[in-house]
Amino acid sequence: EDDAPRDCSAKRQRSDAKAPLTLPVTPSRYDAPFPFYRRPAQLGHFSLDAQRCYHGDARRLRYYAPPPVEGPSPGFDLRDGYRDRYVKQDETVREGLEHLLRWITQNRKQLQTEDKGRPLNADFVTWRGHLTKVLTTPYENQDGWLLAVSLFRGTLYISEVETEAARRQREQRTDLLKELMYMGYKFEQYMCSDTPDGTPDPTGVVNTNEAFCIVIRTRLGTHSLLFSGEVDCTDPRSPWPDPPSCYVELKTSKVMHSPAQRKSFYRHKMIKWWAQSFLPGVSRIVAGYRGPDGSIVELETFETMKIFQLIREDPGCWKPAVCMNFCAAFLGFVKKVVTEDNPKLVHLFAWEPGHPVSFTVHRDSEHTFLPDWYVEVLSN
Ligand code: 0WD
Ligand code: CA
């Protein structure tokens with residue numbers, strides 16, 4: 001009965017002969033109509049607790065609870081608790097796709113297809129954050145990336161590998177930057193409650209081990225995608241009450257004083273905010289603007305679907321269609337290059353600003369990332 005998958009991989013191998021070795025990244029190459037992107041559907045969720053342990057439930061889901069009136073000076077002190085009420089996730093632990101793979105094994109039935117050789121009904125499995133990096137690549141001129149890919153039973157798994165530069169930056173992070181990172185999490189605590197009608201408790205501890213993640217299925221062009229992303233909170237009073245549009249993404253940014261500052265914010269920061277929320281269909285982003293003393297001076301809500309209208313007036317700005325067309329091209333490139341179904345084989349796709357995307361091949365190396373337990377469960 002498993003003639004079909006073998007046939008399919010044979011076809012893929014034949015086209016391999018013509019597989020290109022690099023993929024260009026120049027925005028003008030991808031300046032075409034917006035590609036097909038199916039409305040993202042939420043398949044499920046999971047939580048990571050204060051010890052970073054997985055639970056297949058919504059125990060870490062929080063509720064959007066903004067201060068009474070949106071306007072100036074909600075009076076949040078984002079530095080509060082940095083020294084004495086902060087538990088930081090251990091960043092030296094490389095989790096890879098682990099939590100998402102666990103969710104997949106526990107929800108196999110709803111992901112199955114007729115095809116016995118292909119246990120998951122998806123071309124790609126990855127974290128949302130990895131796709132965000134791909135989307136913003138045509139406009140990125142600072143940070144490169146490394147994405148490891150393995151083809152296993154008909155599905156391509158994409159898992160990020162930390163670059164040397166990113167590791168150095170992480171290890172040499174200044175105190176100022178560490179505090180800024182804390183302030184983003186503190187803002188979430190000021191804006192979220194643990195119950196739908198509750199009020200935030202800013203006296204509590206900020207623990208970055210905790211997370212609520214949703215699992216999304218969608219399609220970009222010819223590529224079906226299954227990915228997971230962490231969401232900050234759901235709005236019980238959302239104008240779009242169904243998941244995933246009910247979620248609200250919380251962000252902080254430096255308060256702006258001039259049109260030039262706002263223009264630069266739209267060009268360089270908004271692209272990341274847009275890509276991150278657009279991918280899973282999160283409909284709103286709430287920005288808290290920080291004053292120099294670390295207090296929030298103003299809140300602003302952005303509707304994800306209206307961001308392209310804000311940037312359209314600036315001809316030098318990024319284009320959502322370029323981001324999506326590049327992502328579709330990258331996924332197509334990966335499909336062409338990675339054709340051998342083998343969980344121990346890793347193609348490492350690398351990109352540095354100013355260069356095209358290239359790749360290297362690693363057999364049975366330290367880059368292998370699909371865990372044995374996962375390979376075993378999906379082989380049966
Ligand atoms: O170990 C790592 N270096 C990474 C871990 C890198 C990227 C993600 N992750 C983890 C996250 O902690 C999360 O549990 O994977 C899970 C899902 O990630 P995602 O949603 O695909 O990632 P992304 O969209 O990049 O980030 C979403 C949120 C961030 O919110 P902001 O507002 O900063 O974009 O996940 C959190 C963060 O709150 N987050 C992290 N939390 C702790 N440690 C990290 C990290 N390294 N990266 C992102
Ligand atoms: Ca956030």
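Given the structure is predicted, the values throughout are model-derived calculations rather than measurements. Atoms within a ligand are numbered from 1 in the order they appear, just like the ligands themselves.
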- Item | Trace of the salt bridge (charged side-chain N to carboxylate O under 4.0 Å, His left out) decision for Arg167 with Glu164 | CA-CA 5 Å; Arg167 187 177 54 80; Glu164 280 296 314; 2.7 Å; yes

- Begin from the C-alpha positions of Cys233 and Tyr63 and carry the test side-chain contact (heavy atoms from CB on, under 4.5 Å) through to its verdict. CA-CA 5 Å; Cys233 55; Tyr63 299 84; 5.8 Å; no

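In terms of protein heavy-atom proximity, atom 29 (C) of ligand 1 is nearest to Gln276 NE2, 4.5 Å. Among protein heavy atoms, atom 36 (C) of ligand 1 sits closest to Glu230 OE1, 3.3 Å. Among all protein heavy atoms, the one lying closest to atom 18 (O) of ligand 1 is Trp127 CE3, 3.8 Å. Distance from atom 33 (O) of ligand 1 to its nearest protein heavy atom, with residue and atom name: Lys251 NZ, 4.2 Å.
The shortest N or O to N or O distance between Thr208 and ligand 1 is not below 3.5 Å. The distance criterion of under 3.5 Å between nitrogen or oxygen atoms is met by Arg52 with respect to ligand 1. Any N or O atom pair closer than 3.5 Å counts here, and Glu160 shares no such pair with ligand 1. Below 3.5 Å of separation, one finds an N or O of Arg128 facing an N or O of ligand 1.
Contact annotation for atom 11 (C) of ligand 1: protein present (non-hydrogen atoms, distance under 4.0 Å). Not a single protein heavy atom sits closer than 4.0 Å to atom 48 (C) of ligand 1. Within a 4.0 Å radius of atom 7 (C) of ligand 1, the protein contributes no heavy atom. In this structure, atom 4 (C) of ligand 1 has no protein heavy-atom contact shorter than 4.0 Å.
Within the structure, the closest approach of Glu249 to ligand 1 falls below 4.0 Å when heavy atoms are considered. Using a non-hydrogen distance threshold of 4.0 Å, Glu210 does not register as a contact of ligand 1. Under a 4.0 Å heavy-atom criterion, Gln89 is in contact with ligand 1. Using a non-hydrogen distance threshold of 4.0 Å, Phe227 does not register as a contact of ligand 1. Under a 4.0 angstrom heavy-atom cut-off, Arg94 registers as being in contact with ligand 1.
The closest side-chain donor-acceptor pair between Asp115 and Thr113, if any, does not fall under 3.5 angstrom. One side chain, Ser253 or Lys269, offers a donor N or O that lies under 3.5 Å from an acceptor on the other.
The distance from the CG atom of Asn121 to the CZ atom of Arg118 is 6.0 Å, given to the nearest 0.5 Å. Interatomic distance, CG of Leu226 versus OG1 of Thr155, reported as 8.5 Å (0.5 Å rounding).
Ring geometry, Phe34 versus Phe278: the interplanar angle exceeds 60°, so the pair is classed perpendicular (tilted spans 30 to 60°). Using cut-offs of 30° and 60° on the angle between ring planes, the pair Tyr182 and Tyr82 is tilted.
Glu230 lies apart from the Ca ion (ligand 2) in this respect, since none of its N, O or S atoms is found at a distance under 3.0 Å. At least one N, O or S atom of Leu250 sits under 3.0 Å from the Ca ion (ligand 2).
At distances below 3.5 Å, not a single donor-acceptor pair connects side-chain atoms of Arg102 with backbone N or O atoms of Gly56.
Contact check on Arg52 versus Glu95 returns a salt bridge, with a Lys/Arg side-chain nitrogen under 4.0 Å from an Asp/Glu carboxylate oxygen. A salt bridge links Glu160 with Lys133: the closest approach of a Lys/Arg side-chain nitrogen to an acidic carboxylate oxygen falls below 4.0 angstrom. Remark: Asp194 does not engage Arg59 in a salt bridge, criterion side-chain N to carboxylate O under 4.0 Å. In this structure, Asp123 pairs ionically with Lys335, as a charged nitrogen and a carboxylate oxygen lie closer than 4.0 Å.
The heavy atom nearest to atom 41 (N) of ligand 1, considering only Tyr185, Phe46, Trp273, Phe212, is found in Tyr185. Nearest to atom 46 (N) of ligand 1 by heavy-atom distance, out of Glu91, Arg170, Lys88, is Glu91. Between Gly129, Ser228, Cys213, it is Gly129 that holds the heavy atom closest to atom 22 (O) of ligand 1.
With ligand atoms numbered from 1 in the order given, ligand 1 contributes 20 (O) to contacts under 4.0 Å with heavy atoms of Gly229.
Counting non-hydrogen atoms of other residues, nucleotides and ligands closer than 6.0 Å to NZ of Lys88 gives a total above 12.
When the Ca ion (ligand 2) is compared with the N/O/S atoms of Asp232, atom OD2 turns out nearest. Taking the Ca ion (ligand 2) as reference, the nearest N/O/S atom within Glu249 carries the name OE2.
In this structure, Lys306 is not positioned above the aromatic face of Phe308 in the sense of NZ or CZ being under 6.0 Å from the six-membered ring centre and within 45° of the axis.
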